[in-house]
Amino acid sequence: MNISQVSDAAGVKSNEDLVATYLHHPGIVDIVIFDGATSVSEKNYFDTVSGDAAWFVSAFASLLRDVVAPDLSQRDSIMLALAGLQCRLPAHVELDAIPPYAWPIAAMTWLRIVEGGSRPLVYLYALGDCKLLLRNQAGQVLDMDPYENPQEDVLKAAIAQLKAQGVEDKAAVFATLLPMLRERRAYQNRHAEPAILCLQPQGQFKARVAVFELGRQSQLLAMTDGFYRLVDTYGLYSAEGLMRRCAETDLQTLLDELRKFEFGHAVSGMQSLKKSDDASAVYYSYGNNEGQS
């Protein structure tokens, strides 16, 4: 087993991504990757220094570390950690006085890897739009969580419409779309079956869950959408090419390639509200990788 990770903020602001690894029991490793959603509020309510999204992923990940156990399901672990977080809100916070569009949310992908036996089992629990790729023993690259965020198409269409009208300045685009963004954020926080990690879910999470075996000479790559821009936004790699590159070099090198491209190309971020985004990835390799190409 080998695990490597990288996480980087876009620019000088706080990093709203986070990668956490919990080694709480022999033969079991829990890998959790978070992508905190940038606030659409006029101010930060929970943490005025780091920002609400960064506070949320950090505080939740810390409490999750305290409760995670091999005999507790991922779903129950999340609910228990959230209950603890709700009891430990900053003293100045009155949740009912904060508009729901300002409540923090995050995408989350949790991999529980049980290594006992001839083939490890991977238990996937996913909320939001982080990405998970598997390169198997035969060298095939599989998307283990083929989720498409429908809101991304809505957002891209709205940005394209504004561009056609001559509105291209990022600040002006954001201001124009802000009412739509706030309506969406409030909906996510108040939904009866939230599909995103939120502070006070109104019911059970509508998570994507799966269990699959991991053969020898296999690798997993979990990443936030900011890191996956290498593939789906900029086309610097195919999914297969990205996994091959991960086997050849370290994640920091790939992150450097991403940032270099974003810095040097005006096209970066044209379909998004952000020219660059926080980017994180974790790479898990099982068995001997020799012989793969």
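Side chains are part of it too, since the values below use all heavy atoms of this structure and drop only hydrogens, waters and symmetry mates. Computed from a predicted structure; not experimentally measured.
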Set of residues satisfying salt bridge (charged side-chain N to carboxylate O under 4.0 Å, His left out) with respect to [X], sequence neighbours excluded:
X      : answer
Asp143 : Lys131
Glu257 : Arg245
Arg259 : Asp8, Glu262

Listed by chain and number, what are the ring pair (Phe, Tyr, Trp, His ring centres under 6.0 Å) partners of [X], not counting sequence neighbours?
X      : answer
Tyr187 : His191
Phe34  : Phe60
Trp103 : none
Tyr284 : none

Taking [X] for its side chain and [Y] for its backbone only, find out whether a donor-acceptor pair lies under 3.5 Å.
X      : Y     : result
Asn44  : Phe46 : no
Arg182 : Val40 : yes
Arg88  : Gly84 : yes
Ser62  : Ser58 : no

When you check the side-chain N and O atoms of [X] and [Y], is any donor under 3.5 Å from an acceptor?
X      : Y      : value
Thr253 : Asp256 : no
Arg229 : Tyr234 : yes
Tyr45  : Glu94  : no

Residues pairing under side chain to side chain donor-acceptor pair (under 3.5 Å) where one sits in residues 9-21, two or more places apart or in two chains, turn out to be Ser7-Asn15, Lys13-Asp278, Glu16-Thr38, Asp17-Thr224, Asp17-Ser280

For Ile105, the other hydrophobic cluster members (4.5 Å side-chain criterion, sorted by chain and number) are Ile196

Residues joined to Leu121 in its hydrophobic cluster, side chain to side chain under 4.5 Å directly or through other members, sorted by chain and number, are Ile28, Val114, Tyr123, Val211

State, yes or no, whether a side-chain contact exists between [X] and [Y] at a heavy-atom distance under 4.5 Å.
X      : Y      : value
Ile113 : Leu220 : yes
Arg119 : Tyr286 : no
Leu251 : Cys246 : yes
Leu155 : Ile159 : yes
Met223 : Leu230 : no

*asked:* Grouping I, L, V, M, F, W and Y whenever their side-chain heavy atoms are under 4.5 Å apart, do Leu80 and Met108 come out in a common cluster?
replied: yes

Q. With the 4.5 Å side-chain cut-off for hydrophobic clustering, are Leu124 and Ile78 part of the same group?
A. no

Crowding at CD, Gln165 (>12 non-hydrogen neighbours, <6.0 Å):
yes

Check: residues 197-208 side-chain donor-acceptor pairs under 3.5 Å, at least two apart:
unit_1, atom_1, unit_2, atom_2, d
Gln202, NE2, Gln200, O, 2.8
Arg208, NE, Asp145, OD1, 2.6
Arg208, NE, Asp145, OD2, 3.3
Arg208, NH1, Gly128, O, 3.3
Arg208, NH2, Gly128, O, 2.7
Arg208, NH2, Asp145, OD2, 2.7

Cys130 and Ala107 have their tightest heavy-atom pair at SG-CB, 4.0 Å

Nearest heavy-atom contact between Leu134 and Ser218 is CD1-CB, 4.2 Å

Determine, step by step, whether Leu242 and Leu254 satisfy the side-chain contact (heavy atoms from CB on, under 4.5 Å) criterion, reporting the C-alpha distance in whole Å, the side-chain angles of both residues, the deciding distance to 0.1 Å, and the verdict.
CA-CA 9 Å; Leu242 181 62; Leu254 286 163; 4.1 Å; yes

Pairwise distance [atom1]([X]) to [atom2]([Y]) - rounded to 0.5 angstrom:
X      : Y      : atom1 : atom2 : value
Ser50  : Trp55  : OG    : CH2   : 11.5 Å
Tyr283 : Ile31  : OH    : CD1   : 12.0 Å
Leu221 : Arg135 : CG    : CZ    : 12.0 Å

By side-chain hydrogen bond (donor to acceptor under 3.5 Å, both in side chains), Asp30 pairs with (sequence neighbours left out) His24, Trp110, Arg112

